[in-house]
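The structure appears below as structure tokens.
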Amino acid sequence: MEQQIRDQVDWPQAFPPEEYAARQTRLKSALSAAELDGILVTEPRDLYYLTGYDQIWQHHLGVIGLYVRTATGERLFFDSAAHQVIVATTPEIGEVLYHPRGTGRDQARFVARELTARGWDKGRIALQTWGYGPHPDLLRAIGADLPGATIVEDSTLIEDLRLIKSTREIAVVRQAAEIAKEAMAPARDALRPDLAETEIAAVIAAECMNRGCGDPGIRTMIGSGPRSGCHHGPASARRLKAGDIVHIDFCASLHRYHVNISRTFALGEVDRRWHDLMAASAGCMDAIAAEAKPGEPYSRIQEIADRFIADAGIDPAWIWLIGGYVLGIAFPPDWVHRHRPAPREIVPDPVMAPGMVFNYENQYDVLEGWPGGTGVGVIDSFLMGDDGLEILTDLPRELIVAGG
């Protein structure tokens with residue numbers, strides 16, 4: 001450890017040491033409950049959760065990880081020597097070993113040798129093979145070099161711990177929500193004919209970063225005119241025209257905690273049908289907030305939304321997505337967590353509890369030639385409290401007329 005560098009850490013950390021200590025205690029309990037003797041943590045979100053480690057290149061051919069031993073709580077961090085300054089300026093990282101230069105396979109062998117040398121190569125050991133860290137083949141190679149251990153592939157244990165946010169995490173989420181709302185206002189005010197979509201993205205990035213945020217897990221999505229129904233499309237060089245529909249979708253990412261917001265704007269007068277569609281949909285988020293309660297399954301959100309949209313008489317052919325997903329710590333290229341109120345994989349339907357944070361989307365594609373665009377939508381983020389849901393991004397949800 002480069003102690004002379006660590007001694008110079010004079011900027012505020014995201015959380016105090018006691019927050020990380022509480023997370024370590026929760027992890028130890030979860031590992032014990034799963035009858036695991038240890039876990040090699042390599043998922044960037046989970047490394048950040050446990051240590052605050054934040055770096056920008058999730059290299060599939062490099063092994064970065066934290067081994068946690070269940071019985072004693074001992075921890076050993078593995079990294080490249082290229083990251084010595086990052087490690088030294090991450091106060092929650094203790095003992096660290098830098099693997100020598102070489103191939104990813106060389107690094108995997110190094111990790112296995114060090115675990116064996118400490119006698120940590122026995123029992124049930126979990127590897128995170130489903131993530132954005134080292135390639136699964138490298139992780140499985142580590143397991144193969146631990147013949148005395150029973151290898152378990154478990155990429156979700158720590159994600160499940162992160163599902164319910166602590167009091168300190170909730171405070172960060174609330175800050176991120178305020179920044180998201182504040183960043184939407186200058187983006188709206190900037191809209192005018194001949195403005196490039198990339199210029200809108202620049203306004204949002206500047207507003208968020210000037211308020212302390214970092215890069216979001218997904219690039220900001222902006223679509224205008226014929227691109228307004230372009231889901232997952234980044235800002236382009238297209239320039240706005242009078243009469244355009246403009247859809248803006250982004251996250252404010254504060255200390256890697258994401259809060260998602262999306263709104264749709266009309267640049268001047270547009271076809272009345274766009275206004276009617278957004279007006280019919282506008283009450284969906286309020287219905288979710290009014291009806292969903294802690295202790296109910298997460299799928300309850302989908303039931304409420306589906307009923308509202310059906311009762312509103314919205315043509316199913318226009319629906320691209322009525323749905324959402326859990327939010328929290330995220331790194332590029334993704335801010336989406338696996339739990340959804342309408343699951344796309346075989347995952348549990350978690351019980352909603354105070355501290356759960358998620359988004360919800362009403363997204364519509366209308367490819368019938370309505371003047372102005374190809375789609376509209378709205379996204380809000382929610383926090384479950386002791387008594388029910390709070391909409392963190394509570395701004396008008398109708399089609400908003402803008403344009404200076």
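All figures in this text were calculated on a predicted structure; none of them were measured in a lab. Numbers here simply count residues along the sequence, with the first being 1.
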Excluding sequence neighbours, so at least two apart, what forms salt bridge (charged side-chain N to carboxylate O under 4.0 Å, His left out) with Asp106?
Arg109
Checking Arg397 now: which residues fulfil salt bridge (charged side-chain N to carboxylate O under 4.0 Å, His left out) with it, not counting sequence neighbours?
Asp286, Asp380, Asp394
Contacts of Phe110 meeting ring pair (Phe, Tyr, Trp, His ring centres under 6.0 Å) (sequence neighbours excluded), chain-then-number -> none
Rounded to the nearest 0.5 Å, what separates atom CD1 in Ile204 from atom CD1 in Ile179?
13.5 Å
Could you pull out the closest heavy-atom pair between Val270 and Gly243, with the gap in Å?
CG1-O, 3.4 Å
Is Ile125 close to Ile39 at the side-chain level, that is, under 4.5 Å between some pair of heavy atoms?
no
Does Arg227 come within less than 4.0 Å of Glu197, counting only side-chain N to carboxylate O?
yes
Is the shortest side-chain N to carboxylate O distance from Arg174 to Glu178 below 4.0 Å?
no
Salt bridge between Arg162 and Glu169, side-chain N to carboxylate O under 4.0 Å?
no
Show me the pairs that pass ring pair (Phe, Tyr, Trp, His ring centres under 6.0 Å) and involve residues 126-161, at least two apart or across chains.
none
Nearest heavy-atom contact between Gly324 and Asn359 is CA-OD1, 3.3 Å
Backbone of Asn260 reached by a side-chain donor or acceptor of Ser381 within 3.5 Å
yes
Would you say Asp315 has more than 12 foreign heavy atoms packed within less than 6.0 Å of its CG?
yes
Treating Arg6 as the side-chain partner and Val87 as the backbone partner, does any N or O pair qualify as donor plus acceptor under 3.5 Å?
yes
Check the pair Ser281 / Asn362 against side chain to side chain donor-acceptor pair (under 3.5 Å), numbers first and verdict last.
CA-CA 7 Å; Ser281 176; Asn362 292 170; 3.0 Å; yes
Ring pair (Phe, Tyr, Trp, His ring centres under 6.0 Å): which pairs involve residues 159-218, sequence neighbours left out?
none
Enumerate donor-acceptor pairs with a distance under 3.5 Å from any side-chain N or O in residues 20-27 to protein atoms, sequence neighbours excluded.
from	atom 1	to	atom 2	distance (Å)
Arg23	NE	Glu19	OE2	3.2
Arg23	NH1	Tyr49	O	2.7
Arg23	NH2	Glu19	OE2	3.2
Arg23	NH2	Tyr257	OH	3.2
Gln24	OE1	Arg75	NH1	3.3
Gln24	NE2	Gly73	O	3.3
Thr25	OG1	Ala21	O	3.1
Arg26	NH1	Tyr49	OH	3.0
Arg26	NH1	Leu161	O	3.1
Arg26	NH2	Leu161	O	2.9

Any donor-acceptor N/O pair, Asp244 side chain to Val246 backbone, under 3.5 Å:
no
Rounded to the nearest 0.5 Å, how far does OG of Ser236 lie from CD1 of Ile200?
9.0 Å
Should the heavy atoms of other residues, nucleotides or ligands under 6.0 Å from CD of Glu35 be counted, would the total exceed 12?
no
Ion pair Asp386/Lys293, N-O distance below 4.0 Å:
no
Table please: side-chain donor-acceptor pairs of residues 60-68 below 3.5 Å, with sequence neighbours left out.
from	atom 1	to	atom 2	distance (Å)
His60	ND1	Gly133	O	2.8

Are any side-chain N or O atoms of Thr51 and backbone N or O atoms of Leu47, one a donor and one an acceptor, separated by less than 3.5 Å?
yes
More than 12 heavy atoms of other residues, nucleotides or ligands under 6.0 Å from CZ of Arg238: is that the case?
yes
Are there more than 12 heavy atoms of other residues, nucleotides or ligands under 6.0 Å from atom CG of Leu367?
yes
Between Arg263 and Asp249 (salt bridge meaning N to carboxylate O under 4.0 Å), is one present in this structure?
no
Which residues satisfy the salt bridge (charged side-chain N to carboxylate O under 4.0 Å, His left out) test with Glu398, sequence neighbours excluded?
none
Give a yes or no on whether a salt bridge exists between Arg300 and Glu296, defined as a side-chain N under 4.0 angstrom from a carboxylate O.
yes
Any donor and acceptor pair, going by atom type alone, linking the side chain of Thr198 with main-chain N or O of Ala237 inside 3.5 Å?
no
Mind running side chain to side chain contact (heavy atoms under 4.5 Å, CB included) on Leu127 and Asp154 for me, showing each step along the way?
CA-CA 6 Å; Leu127 301 177; Asp154 190 333; over 6 Å; no
Distance under 6.0 Å and angle within 45° of ring axis: Arg256 vs Phe331
yes
Only pairs under 3.5 Å count here: list side-chain donor-acceptor contacts from residues 305-312, not counting sequence neighbours, and write none if there are none.
from	atom 1	to	atom 2	distance (Å)
Asp306	OD1	Gln302	NE2	3.1
Arg307	NH2	Glu291	OE1	2.8
Arg307	NH2	Glu291	OE2	2.5

Should Phe78 and Glu114 count as side-chain neighbours, where that means a heavy-atom distance under 4.5 Å?
yes
Look up atom CD1 in Ile56 and atom CD1 in Ile86, then write down how far apart they are to the nearest 0.5 Å.
8.0 Å
Taking all non-hydrogen atoms of both residues, which atom of Leu163 and which atom of Pro350 are closest, and how far apart?
CD2-CB, 3.8 Å
Please report the shortest heavy-atom distance between Glu43 and Gln128, naming the atom on each side.
N-OE1, 2.9 Å
For the pair Glu182 and Arg211, find out whether any cationic side-chain nitrogen is under 4.0 Å from an anionic carboxylate oxygen.
yes
Set of residues satisfying ring pair (Phe, Tyr, Trp, His ring centres under 6.0 Å) with respect to Phe382, sequence neighbours excluded
Phe358
Indicate yes or no for a side-chain donor-acceptor contact from His258 to the backbone of Gly217 under 3.5 Å, with no hydrogens or angles considered.
yes
Looking only at atom types and distance, does a side-chain atom of Thr70 sit under 3.5 Å from a main-chain N or O of Asp37, one as donor and one as acceptor?
yes
Side-chain donor-acceptor pair present, Tyr53, Asp79, cut-off under 3.5 Å
yes
To the closest 0.5 Å, what do you measure between CG (Leu383) and CE (Met356)?
11.0 Å
Value rounded to 0.5 Å, distance of CG in Leu36 from CZ in Arg69
14.0 Å
Sequence-distant partners of Trp370, ring pair (Phe, Tyr, Trp, His ring centres under 6.0 Å), two or more places apart:
Trp274, Trp318
Spacing of CG belonging to Leu139 relative to OG1 belonging to Thr42, to within rounding of 0.5 Å:
4.5 Å
Taking the side chain from Tyr48 and the backbone from His255, do they hold a donor-acceptor pair closer than 3.5 Å?
yes
Could you tell me which non-hydrogen atom of Arg338 sits nearest to which non-hydrogen atom of Val347, and how far apart they are?
NE-CG1, 3.8 Å
Counting distance only, does the side-chain N/O of Asn210 pair as donor-acceptor with the main-chain N or O of Ala206 below 3.5 Å?
yes
Considering all heavy atoms of both residues, which atom of Ala190 and which atom of Val203 are nearest to each other, and what is their separation?
CB-CG2, 4.3 Å
Determine yes or no for a side-chain-to-main-chain donor-acceptor pair under 3.5 angstrom, with Ser228 supplying the side chain and Thr374 the backbone.
yes
How would you list all residue pairs meeting ring pair (Phe, Tyr, Trp, His ring centres under 6.0 Å) that involve residues 201-253, not counting sequence neighbours?
His231-Trp320, His232-Trp320
